[in-house]
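Following: one structure in structure tokens, then a few remarks.
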2 protein chains.
Amino acid sequence: MTTPALIDPQTQTCCSSLVHVPLGARQADDLSHRLKALADPTRLRLLSMIGARQGGEACVCDLTEPLDLSQPTISHHLKVLREAGLVTSRRRGTWVHYALVPEALERISAALAVTEHR
Amino acid sequence: MTTPALIDPQTQTCCSSLVHVPLGARQADDLSHRLKALADPTRLRLLSMIGARQGGEACVCDLTEPLDLSQPTISHHLKVLREAGLVTSRRRGTWVHYALVPEALERISAALAVTEHR
DNA sequence: TCTCTGGATCGACGATGGTCGATATACGCG
DNA sequence: CGCGTATATCGACCATCGTCGATCCAGAGA
């Protein structure tokens with residue numbers, strides 16, 4: 001496969017906005033699940049710190065220190081982000097590097113947009 | 001003032017994406033608060049049903065029936081959306097009509113977008 | 001193999017959130 | 001004013017979430 005199954009053709013008609021056609025229960029559950037992953041200040045900052053990093057990657061040690069939270073807590077948040085498809089993790093020797101999945105963020109952004117972009 | 005204070009110049013540099021510059025604590029709290037209001041399937045469907053309505057308005061009675069939830073629950077969700085600035089309410093005789101605030105959704109969408117739009 | 005370090009998992013605890021029934025409030029109409 | 005209807009608020013209950021310390025697992029190097 002070229003890309004992981006970011007879009008389920010069964011539940012997701014396309015990437016159109018929710019404000020134009022009423023959302024079904026399935027689609028609402030799916031979108032809310034991804035939004036829940038996003039709706040936490042720590043996770044937003046994690047995404048932001050990973051994205052701001054040149055190369056687009058950051059290891060856990062880089063993320064733990066500036067946030068003033070325990071390492072298990074950071075690890076937990078990264079797991080939530082990973083399971084929502086918002087980041088990927090990759091082992092590099094002793095360290096684990098996390099990277100954004102830009103398409104995932106873009107999909108959510110498009111679902112919330114009122115006016116059509118691009 | 002021409003527009004309500006949707007953007008706080010103190011905490012919000014502009015409407016740029018979170019993935020380009022690391023988010024501060026204030027900004028992360030602010031954005032996560034708005035995302036929490038969005039991160040519920042019932043509220044997403046409410047927004048969607050209001051937006052899909054021609055005229056952009058819907059009264060509570062229109063929203064309660066199709067969702068198979070009690071009227072107090074719907075009222076609670078609408079309050080959450082209103083306090084997050086995502087909808088406005090307006091009394092019309094006996095009924096209360098809710099309408100979207102497109103700029104609010106657009107702002108959140110822009111904050112999540114990776115690529116710059118428009 | 002032993003040890004050290006980075007990260008993940010576990011179990012527990014307090015806080016927050018979604019839902020309901022009961023009740024209160026607002027409006028229109030006799 | 002009194003009644004009926006449309007919404008909002010209240011109080012309670014159960015589920016989910018964010019956080020922690022303790023512990024476990026994986027890789028690197030001696």
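Any value given below was found using the heavy atoms of this structure, including those in side chains, with hydrogens, waters and symmetry copies removed. In the text below, chain A, chain B and the rest are named by the order of the sequence lines, each starting its count at 1.
Surrounding NE2 of B:His20 are more than 12 heavy atoms belonging to other residues, nucleotides or ligands, all under 6.0 Å away.
Here chain A contacts DNA chain D (any atom closer than 4.0 Å to a heavy atom, that is under 4.0 Å), and the contacts span D:dG18 to D:dA28 from 5' to 3'.
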Anything under 3.5 Å between a donor and an acceptor, one on a side chain of residues 48-55 of chain B, the other on a protein residue two or more places apart or in another chain? List them.
| unit_1 | atom_1 | unit_2 | atom_2 | d |
| --- | --- | --- | --- | --- |
| B:Ser48 | OG | A:Leu18 | O | 2.9 |
| B:Ser48 | OG | A:Val21 | O | 2.9 |
| B:Ser48 | OG | A:Leu23 | N | 2.7 |
| B:Arg53 | NH2 | B:Asp62 | OD2 | 3.2 |

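The stretch residues 37-60 of chain A touches DNA chain C through A:Cys59, A:Val60, each having a heavy atom within less than 4.0 Å of the strand. Remark: B:Leu69, B:Ser70, B:Pro72, B:Thr73, B:His76, B:His77 in residues 61-83 of chain B come within less than 4.0 Å of DNA chain C through at least one heavy atom.
A search for salt bridge (charged side-chain N to carboxylate O under 4.0 Å, His left out) contacts involving A:Arg91 returns nothing, not counting sequence neighbours.
Judged as a disulfide bond (SG atoms under 2.5 Å apart), the pairs with a partner in residues 29-115 of chain A (not counting sequence neighbours) are, in order, A:Cys59-A:Cys61.
Side-chain contact check for A:Arg90 and A:His97: no donor-acceptor pair (N or O, by modelled atom type) lies under 3.5 Å.
In this structure, B:Arg34 CZ and A:Leu35 CG are separated by 13.0 Å, a value rounded to the nearest 0.5 Å. The line from OG of A:Ser75 to CG of A:Leu63 is 10.5 Å long, rounded to the nearest 0.5 Å. Taken from CD1 in B:Ile74 to NE2 in B:His77, the straight-line distance is 6.5 Å, to the nearest 0.5 Å.
By the rule that hydrophobic residues join a cluster once side-chain heavy atoms approach within less than 4.5 Å of another member, B:Val80 and B:Val96 end up as members of separate clusters. Cluster annotation: B:Leu69 is connected to B:Leu47 through the hydrophobic network of ILVMFWY side chains, with a link wherever side-chain heavy atoms come within less than 4.5 Å.
Within the structure, every side-chain polar atom (N or O) of A:Tyr98 is placed at least 4.0 Å from both OP1 and OP2 of C:dG6.
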